[in-house]
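Before any comments, here is the structure.
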Amino acid sequence: MARSKIEATTETITAEVMEDEKTVEKETTVENAMEKEPPKKEPEKTVRFKLFKDGGRYKGDKFVGVNGKGYLVERGVWLDLPESVYNVLALSEEQIQVAERVMEESRMVEYK
């Protein structure tokens, strides 16, 4: 009886040690992965672009946020913008045109 209790205790201790070794191995792998340098990013393509400017509604600079980075785009000046910023500006302009068209259509319905 005492012998089986000792064997069971030995097996339990062995299992716990093996689990601890696995945990240490995983932690070492994570630490080694963190020590490596992150891969170098290629510079983003740029697009030459000039944002419309007039003396009225479109005279101020335009703020664009992309992936947590903010850009203040000056109006009326040719700029080399990152492609992602250009895409946001282009989609924004497209959305403004759609909204204006919908508003115009709703006015036409009201007058009928």
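Being a predicted model, the structure only gives us computed values, none of them experimental.
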One should read off an interatomic distance between L51 CG and E93 CD, to the nearest 0.5 angstrom, of 8.0 Å

Check step by step if side-chain contact (heavy atoms from CB on, under 4.5 Å) holds for D61 and V73.
CA-CA 6 Å; D61 298 340; V73 181; over 6 Å; no

Note, R75 side chain near K62 side chain (heavy atom, < 4.5 Å):
yes

Does V88 have any side-chain contact (heavy atoms from CB on, under 4.5 Å) partners at least two apart in sequence or in another chain, and if so, which?
V64, V66

Between E104 and R107, is the closest basic N to carboxylate O distance under 4.0 Å?
yes

Could I get the full list of side-chain contact (heavy atoms from CB on, under 4.5 Å) partners for R57, not counting sequence neighbours?
E100

Identify, with sequence neighbours excluded, every residue that meets salt bridge (Lys or Arg N to Asp or Glu O under 4.0 Å) alongside E42.
none

Check whether any side-chain heavy atom of L89 sits under 4.5 Å from a side-chain heavy atom of L81, and report yes or no.
yes

Provide the full list of ring pair (Phe, Tyr, Trp, His ring centres under 6.0 Å) pairs with a residue in residues 42-63, sequence neighbours left out, each pair given once.
F49-Y86, F52-Y58

Set of side-chain contact (heavy atoms from CB on, under 4.5 Å) partners for D80, sequence neighbours left out
T46, R48

Can you list the residues that meet the side-chain contact (heavy atoms from CB on, under 4.5 Å) rule with E83, with sequence neighbours excluded?
E44, K45, V47, N87

